[in-house]
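In what follows, chains carry the letters A, B, and so on, assigned in the order in which the sequence lines appear, proteins first and then strands, with residues in each chain numbered from 1. Values in this document were obtained by computation on a predicted structure and should not be read as measured data. Basis for what follows: all heavy atoms, side chains included, without hydrogens, waters or symmetry-related copies.
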Protein chains: 2
Amino acid sequence: METNADNVRAQMRKGMLEYCILCILAKREAYASSIIEELKAANLIVVEGTLYPLLIRQKNQGLLTYRWEESTQGPPRKYYCITDKGREQLKDMDSAWQDMVRAIETLRG
Amino acid sequence: METNADNVRAQMRKGMLEYCILCILAKREAYASSIIEELKAANLIVVEGTLYPLLIRQKNQGLLTYRWEESTQGPPRKYYCITDKGREQLKDMDSAWQDMVRAIETLRG
DNA sequence: TTTTAGTACCTTGTATTGCAAAGTATTCAA
DNA sequence: TTGAATACTTTGCAATACAAGGTACTAAAA
């Protein structure tokens with residue numbers, strides 16, 4: 001069963017994931033499983049069924065591109081890379097995030 | 001038309017509103033229009049059609065109660081008030097929020 | 001008295017999001 | 001050639017917020 005606190009976190013995570021993906025890809029290109037690992041390291045649990053449609057969405061919006069790369073272990077990997085348009089969007093998201101942080105401070109203080 | 005930056009903010013706002021409502025009601029009781037005003041003052045634009053179902057949801061979960069109060073100008077107002085259960089939920093949300101802030105710092109840094 | 005404006009509450013239909021679950025495809029080793 | 005591991009994809013569902021419209025009460029103007 002899902003605890004209340006889990007649900008609270010799940011709700012907050014919604015809408016933040018696109019920002020998180022761009023944050024990760026702004027530093028280096030990556031493929032889906034490695035993105036999931038990095039999110040998990042930051043305590044944001046995301047599953048494949050969530051991430052793949054999201055990457056496809058961002059690619060269709062021109063925020064990302066990808067290239068295939070052979071792997072020594074298993075099938076080839078789709079490495080995603082942020083575009084110039086993606087970096088602009090990331091700037092918008094940075095400022096939206098900071099506004100949100102300020103808004104919560106205002107309400108909570 | 002809606003700008004890209006507007007959409008970014010709308011997405012981030014999702015899942016944060018329940019937290020914001022509890023933040024406001026933790027300080028004082030309030031009715032819907034005054035909650036909207038306080039959110040607007042924090043640069044979080046929310047409309048009635050969003051807020052009313054949300055207040056009803058939180059009331060049904062036992063996080064809020066309300067009482068009617070006559071107004072000198074216009075119809076009576078429904079003043080909402082946070083419950084003990086609501087304050088517990090608020091604690092969970094505070095910690096979920098701080099975890100989210102830390103997660104973004106980790107990813108962005 | 002009737003109408004109008006202002007305030008406040010509520011509902012319905014819709015688009016979007018993330019998730020669970022299941023499916024497809026490739027590689028390599030047993 | 002079968003199975004395990006890895007990786008990518010799709011489908012159906014529940015939850016969220018919003019746009020748009022509706023109901024109801026009060027007080028002032030016509």
Side-chain angles (χ1 to χ4, degrees), chain A residues 1-4 6-22 29-37 39-40 44-61 64 66-80 93 96 100 103, chain B residues 1-4 6-22 29-40 44-61 64 66-80 93 96 100:
Chain A
M1 121 159 201
E2 187 175 68
T3 70
N4 193 323
D6 281 344
N7 189 49
V8 164
R9 278 171 169 71
Q11 288 313 318
M12 278 193 183
R13 199 168 44 227
K14 289 195 182 197
M16 297 301 307
L17 285 182
E18 294 207 17
Y19 180 42
C20 293
I21 303 314
L22 290 186
E29 48 176 21
Y31 68 106
S33 299
S34 63
I35 292 173
I36 289 176
E37 284 309 305
L39 289 172
K40 193 183 291 176
L44 293 167
I45 307 302
V46 176
V47 297
E48 290 185 321
T50 298
L51 185 60
Y52 281 103
L54 197 155
L55 288 170
I56 290 167
R57 209 153 61 220
Q58 291 189 315
K59 193 242 344 170
N60 289 341
Q61 290 172 346
L64 309 178
Y66 66 82
R67 60 182 179 78
W68 287 99
E69 185 170 310
E70 296 299 318
S71 166
T72 56
Q73 288 182 343
R77 296 168 175 173
K78 215 171 181 176
Y79 276 83
Y80 283 91
M93 286 178 155
M100 178 66 74
Chain B
M1 114 152 206
E2 188 174 68
T3 69
N4 193 324
D6 282 344
N7 189 48
V8 163
R9 279 171 168 71
Q11 288 312 317
M12 281 193 182
R13 201 166 44 227
K14 287 196 183 198
M16 297 301 307
L17 284 182
E18 294 208 15
Y19 180 43
C20 293
I21 304 314
L22 291 186
E29 48 176 22
Y31 69 105
S33 298
S34 63
I35 292 173
I36 289 176
E37 283 308 306
E38 182 151 356
L39 290 172
K40 192 183 294 178
L44 294 168
I45 306 303
V46 176
V47 296
E48 289 185 323
T50 298
L51 186 60
Y52 281 104
L54 198 154
L55 289 170
I56 291 166
R57 209 154 61 221
Q58 291 187 315
K59 193 239 349 167
N60 289 339
Q61 290 172 348
L64 307 179
Y66 67 81
R67 61 182 178 76
W68 287 98
E69 185 170 311
E70 297 298 318
S71 167
T72 56
Q73 287 183 343
R77 297 168 176 173
K78 215 172 183 176
Y79 276 83
Y80 282 92
M93 287 179 155
M100 178 66 76

Exercise for the section: Give a yes/no answer on whether the side chain of B/R13 brings an N or O atom under 4.0 Å of OP1 or OP2 in D/dT16. Expected result: no
Completion exercise
A/Q73 CD to D/dT6 P, in whole Å, measures 7 Å
Handout entry: B/G74 or A/T72, whichever maps to the more 5' nucleotide of DNA chain C
Key = B/G74
Fill in the blank from the handout: Heavy atoms of A/Q58 and A/I21 approach each other most closely as OE1-CG2, 3.3 Å
Exercise for the section: Give one of base, sugar-phosphate or nothing for B/E18, where a contact means two heavy atoms less than 4.0 Å apart. Expected result: sugar-phosphate
Completion exercise
Correct closest heavy-atom pair for B/M100 and A/M16 would be CE-CG, 4.0 Å
Exercise for the section: Could you tell me whether A/L51 contacts a base, only the sugar-phosphate backbone, or nothing, with contacts defined as non-hydrogen atoms closer than 4.0 Å? Expected result: nothing
Fill in the blank from the handout: Correct closest heavy-atom pair for A/P76 and A/E70 would be CB-OE2, 4.1 Å
Practice task
Can you run down the salt bridge (Lys or Arg N to Asp or Glu O under 4.0 Å) pairs that involve residues 45-57 of chain A, sequence neighbours left out, and say none if there aren't any?
Solution key: A/E18-A/R57
Practice task
Give the rounded distance in Å between these two atoms: CD of B/E70 and P of D/dA27.
Solution key: 10 Å
Fill in the blank from the handout: Atom CE of B/M12 and atom C1' of C/dT17 are separated, to the nearest Å, by 15 Å
Completion exercise
A/R9 CZ to C/dG18 P, in whole Å, measures 18 Å
Problem - Atom-pair distance (CG on A/L55; P on C/dC19), nearest Å - result: 13 Å
Problem - Single hit among B/K59, B/R77, B/E29 for side chain to side chain contact (heavy atoms under 4.5 Å, CB included) with B/Y66 - result: B/K59
Exercise for the section: Using whole Å, report how far CG of A/L44 lies from P of C/dG18. Expected result: 12 Å
Practice task
Check whether any side-chain N or O of A/R57 sits under 4.0 Å from OP1 or OP2 of C/dT17, and answer yes or no.
Solution key: yes
Problem - Side-chain heavy-atom pair A/I35, A/L55 within 4.5 angstrom cut-off - result: yes
Provide a list of protein-nucleic acid N or O atom pairs under 3.5 angstrom, restricted to nucleotides 8-11 of chain D.
| residue | atom | partner | partner atom | Å |
| --- | --- | --- | --- | --- |
| D/dC8 | OP1 | A/K78 | N | 2.7 |
| D/dC8 | OP2 | A/Y52 | OH | 2.5 |
| D/dC8 | O5' | A/Y52 | OH | 3.4 |
| D/dC8 | N4 | A/E48 | OE1 | 3.2 |
| D/dT9 | OP1 | A/K78 | NZ | 2.5 |
| D/dT9 | OP2 | A/K78 | NZ | 3.3 |

Completion exercise
Rounded to whole Å, the CD1-P distance (A/I35 to D/dT6) equals 18 Å
Fill in the blank from the handout: Nearest heavy-atom contact between B/K78 and B/Y31 is O-CB, 3.2 Å
Problem - Atom-pair distance (CD1 on B/I36; P on C/dA8), nearest Å - result: 10 Å
